[in-house]
Structures are given as C-alpha cells and as structure tokens.
Amino acid sequence: MDQKKQVKLADVCAAARVSSATVSRVLNNQSGVGDELRQKVLATMRDLNYVPRAAARNLSRAKSDTIGIVFQDLTPGFLLTVFRGIMTRASSAGYHVLTALSTEAGDEMDLPLRLLAERRVDGLIWYDPRATVRAVNNLVRETVPFVLLQRKLASADVSSVYIECEDSAAEMMHHLVGLGYRRIMLVTGAETDEDSARKLAAARRVADKHGVKLPADRILVGHHVGTHAVRALAAYVESGKRMPDAIFAFNDDMALGIMNWLRQRGVRVPEDVAVVGFDGVAEAEWVGLTTVQTPMYDMGVLAMQMLVDRLSGSANAEKARQVVLKGQLVVRNSCGAGQRKR
C-alpha cells in the first residue's frame, strides 16, 4: 500500500481480514479478542503505519486538563525521581495525570496511541528506550503536544529533554584510571539501549587512550537492574575469573546491588574492589557511592513545564525544543579516592 496515503480503519480490517469491531477492541484493549489475533491486528497496524485519528478528533473537542505519562517502568531511582518532578509541576499548573506503563512487547509502538484513543488527554510525556523513530513520527502525526524523555532525535517536530551521558561516563572512567585502576569491569544496560551504548563507547575511548584493556568478559549486561547485574557478576566470579579491581555500573541500582553482594561475601569495598555508579539516587549518598549526579527531578519539572507552555500557547513555547542537561561527578568512599592504587 502507498505509505503516503492516509491509512484508514477499513484498510486495517481488509489487510488483517477482521471486522471493524475486532480492530476497535484491540485499539481499546478490550476483551473478546484472542492473544494471537490481537497480535496479528497490532502487527498489521504497524506494517500499514496506521494511526487512529479518532483520538485527535476527541482531543480537539474539549480541554481535559489531563496529561498522559507513558513510561516503560516506574521503579525507584531514576524514573521515579523524574516522575516526582513531573507530578510536582503538573500539580502546581492545575493538571491531572494519567500514567501508563509500557511493560508488554509492542507497547513501545502502540501504548501512546492507545492512551489517546481510550482517554482524553491534552498532551503526553513519553519515556521508552525501545521506541523507534517510526513510533515517534506516528505520535507527531497525531498533532498532540508531547515531550520525549532521554532520546536524542534531530527533529524539528519533537520536543525532548535529555540528560547527557557520554561526557559524564568518560569523566568517570578518567577518574578510575587516575586512581590507578587497570582491571576495570563495566556493567551496562540492555544491548539495545542507546544511552548505555553511548556510555560504553565513551568508556572505551578513555580506556584506549590510557592503554587500559576492556576485554569482552569484563563487560557485563545488567539491564540497568540490580538483580540482573548481581546475577551477571556472580556468573563471572563462579567461572573462576579474576576479580576486577574496579566496577563501573551504568546506573546506581546496579552499583548498589553489586556493593551489597560483594560485602555479603566478605569482599571489601573499596579496599578489594572499587564500585561506582551513575544517576545520583538518594541511596547513593547514604552508602557512600561515587556516582554521576544527574538532574533527574529537574528533568521531570522541565518536561512538564515545556508541555504546559505548549498547551497554554505561551510565548516561551517554540514549535519544538531539545534541552540537554548535564550531570556532575560526585566522589565518595566507594571508589577508594585518597588511597594509593597500583
């Protein structure tokens, strides 16, 4: 089908060989459709680049004073702190908030659009590292104001707030190398996570510059989750490989989990193994974790303010803004700063 032509509901029905009622149930996440058929309809909508226009029409009828928040997850730490910032500014601006979590496969494509189809919201704030450029463009075509979090897109149509990670990851690696560490382990997010890939690339550049080797077996995938990171490290240790002298976890949740696991096994931090993280959650200060302090709360406040400006027609609201925030290295006890390393 010609992708330039506006795809209609009838086109989806014809391609999937289902009724309009079935497509409607899938769009509204209603019962009465088997999982296999539901997945078939969703796949057809993605293949045809179908965008439900009813949502935009409903939104044009009345102002709801409600903001939709679509996150992949809402665990304590980075995302919860961002969410608190959003909620604080939303409350002060008089907006209600509807929150949806894109926990299922395919949600990164469908959930923001389903939220528009199911509920009347004036705008969206969206965070999902899995979201493709195509999914973002689908939302642009809905003409509903939205702000994208933690994605770098060169688009004049997309407003976003992004916390820079490459320079901060490089600074952390310089810090570890400067303390004399050479057997450094990196614990990353998912292999498909863009932020994690940028941190990894920055860490490798610094390591290469200083002649520090980063073999593949000392780069563990922790998925930005403490339990996953601990499991990966445990497997590494149980295989009989030599313990690293420093571990750089790409978020604090993984770093905190690793610190606890090491200490439970009698491994001293930082005397035996230094541990550092990234984000700057509250627990990091309590346990003396060296980390990159990022403006997570400010990110939420700013994203909501950008959306409020767009919705109110404020003179501060441009067609799209891309805002980059910076983190700061905070040195505490866990890295062994002040101790001479060889």
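Sequence positions, counted from 1, serve as the residue numbers for this chain. Values reported hereafter were calculated over all heavy atoms of this structure, with side chains retained and with hydrogens, waters and symmetry mates removed.
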L329 vs T290, test: side chain to side chain contact (heavy atoms under 4.5 Å, CB included). Steps then yes/no. CA-CA 8 Å; L329 176 64; T290 293; 4.3 Å; yes

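- Put simply, CD on Q305 and CD1 on I86 are 13.0 Å apart, with the number rounded to the nearest 0.5 Å.
- Counting only distance, with no hydrogens or angles, the side chain of R332 and the backbone of L289 share a donor-acceptor pair below 3.5 Å.
- The line from CD1 of I69 to CG of L101 is 11.0 Å long, rounded to the nearest 0.5 Å.
- Rounding to the nearest 0.5 Å gives a distance of 9.0 Å between CD1 of I163 and CG of L149.
- Between M299 and F78, some side-chain heavy-atom pair lies under the 4.5 Å cut-off.
- Linking ILVMFWY residues whenever their side-chain heavy atoms come closer than 4.5 Å, directly or via other members, leaves V225 and V276 in distinct clusters.
- The shortest side-chain heavy-atom distance between M304 and M87 does not fall under the 4.5 Å cut-off.
- Heavy atoms only, all atoms of each residue included: T291 and G280 are closest at OG1-N, 3.6 Å.
- Residues forming a side-chain contact (heavy atoms from CB on, under 4.5 Å) with R17 (at least two apart in sequence, or on another chain): none.
- Expressed to the nearest 0.5 Å, how far NE2 of H223 lies from OG1 of T188 amounts to 7.5 Å.
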Would R218 and I184 count as a side chain to side chain contact (heavy atoms under 4.5 Å, CB included) here? Give the steps. CA-CA 7 Å; R218 286 211 305 269; I184 299 173; 5.7 Å; no

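- Electrostatic pairing of R198 and D195 counts as a salt bridge here, judged by a charged N lying under 4.0 Å from a carboxylate O.
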Check the pair V281 / D253 against side chain to side chain contact (heavy atoms under 4.5 Å, CB included), numbers first and verdict last. CA-CA 8 Å; V281 301; D253 188 57; over 6 Å; no

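- A donor and an acceptor atom, one from each side chain of R89 and S92, are located under 3.5 Å apart.
- D279 has its side chain out of reach of T81: every pair of non-hydrogen atoms, C-beta onward, lies at least 4.5 Å apart.
- Closest of all the heavy-atom pairs between A255 and A249 is N-CB, 3.6 Å.
- Between the side chain of R263 and the main chain of R268, no donor-acceptor pair closer than 3.5 Å is present.
- Of all the heavy atoms in S334 and V275, the pair that sits closest is OG-O, 2.5 Å.
- Between C335 and A274 the shortest heavy-atom distance is O-CB, 3.7 Å.
- Linking ILVMFWY side-chain heavy atoms closer than 4.5 Å, directly or via other members, places V187 and V287 in a single hydrophobic cluster.
- A donor-acceptor contact shorter than 3.5 Å is absent between the side chain of S91 and the backbone of T88.
- For the pair F83/T99, a side-chain contact is recorded, criterion being any heavy-atom separation below 4.5 Å from C-beta on.
- Using cut-offs of 30° and 60° for the angle between ring planes, the Y127 and F71 rings count as perpendicular.
- Side chains of R205 and M173 form no contact here, defined as non-hydrogen atoms less than 4.5 Å apart.
- Contact check for R38 versus V41: no side-chain heavy atoms found under the 4.5 Å cut-off.
- Of the inter-residue distances, the one linking M254 atom CE with W261 atom CH2 reads 15.5 Å to the nearest 0.5 angstrom.
- In terms of heavy atoms, D217 sits closest to L220 at O-CD2, 3.7 Å.
- The side-chain contact (heavy atoms from CB on, under 4.5 Å) test applied to N260 returns Q264, not counting sequence neighbours.
- If you chain together hydrophobic residues whose side chains sit under 4.5 Å apart, V292 and V331 fall into the same group.
- A pairwise comparison of heavy atoms in H228 and G222 identifies CB-O, 3.1 Å as the closest pair.
- Applying the side-chain contact (heavy atoms from CB on, under 4.5 Å) test to Q322 and every residue at least two apart in sequence or in another chain returns S160, A320.
- In this structure, CZ on F278 lies 9.0 Å from NE2 on H224, to the nearest 0.5 angstrom.
- Hydrophobic clustering keeps V147 apart from Y162 (ILVMFWY residues linked when any side-chain heavy atoms are closer than 4.5 Å, directly or through intermediates).
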Does the pair I67 and L311 meet the rule for a side chain to side chain contact (heavy atoms under 4.5 Å, CB included), with working shown? CA-CA 10 Å; I67 299 298; L311 294 170; 3.5 Å; yes

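- Using a 4.5 Å heavy-atom cutoff, the side chains of D122 and P145 are not in contact.
- Note on E194 versus K152: no salt bridge recorded, every NZ/NE/NH1/NH2 to OD/OE distance being 4.0 Å or above.
- Between L233 and I247 the shortest side-chain heavy-atom distance falls below 4.5 Å.
- Both V82 and L80 belong to a common hydrophobic cluster when Ile, Leu, Val, Met, Phe, Trp and Tyr are linked at side-chain heavy-atom distances under 4.5 angstrom.
- Surrounding NZ of K241 are more than 12 heavy atoms belonging to other residues, nucleotides or ligands, all under 6.0 Å away.
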